[in-house]
Chemist: 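Here it is, the structure, as structure tokens.
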Amino acid sequence: MKLSVCLLLVTLALCCYQANAEFCPALVSELLDFFFISEPLFKLSLAKFDAPPEAVAAKLGVKGCTDQMSLQKRGLIAEVLVKILKKCSV
């Protein structure tokens, strides 16, 4: 079993090395919304993903923590995320 998993991974690496790593615009929007819009608006924006209530509650719990950060620090994190997204989509 272990050998077949390793073989599958090697096969995928050799056959799919030209995979395109473009990011979905919804992901970028959701990441930035997470840091900069209010919790009620963010909850509405999550509705488009039709996630289970437990997942939404967990995400809002984390958002509650990040909302306590200063706007400047959230801006720095968002800048880093945008840089990562730009590098990965090249």
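One-based numbering along the sequence shown. Atom set for the values below is all heavy atoms of this structure, side chains included, hydrogens, waters and symmetry mates excluded.
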Chemist: Pair up each side-chain donor or acceptor in residues 36-51 with any protein partner under 3.5 Å, not counting sequence neighbours, and list the distances.
Modeler:
unit_1, atom_1, unit_2, atom_2, d
Ser45, OG, Phe42, O, 2.8

Chemist: Determine which pairs satisfy salt bridge (Lys or Arg N to Asp or Glu O under 4.0 Å) with at least one residue from residues 52-71, sequence neighbours left out, and list them in order.
Modeler: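 For residues 52-71, and leaving out neighbouring residues, the salt bridge (Lys or Arg N to Asp or Glu O under 4.0 Å) pairs sorted by first residue read Glu30-Lys59, Lys63-Asp67, Asp67-Arg74.
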
Chemist: Please round to the nearest 0.5 Å and tell me the distance separating atom CG of Leu76 and atom CG of Leu71.
Modeler: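 If I round to the nearest 0.5 Å, the distance is 10.0 Å.
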
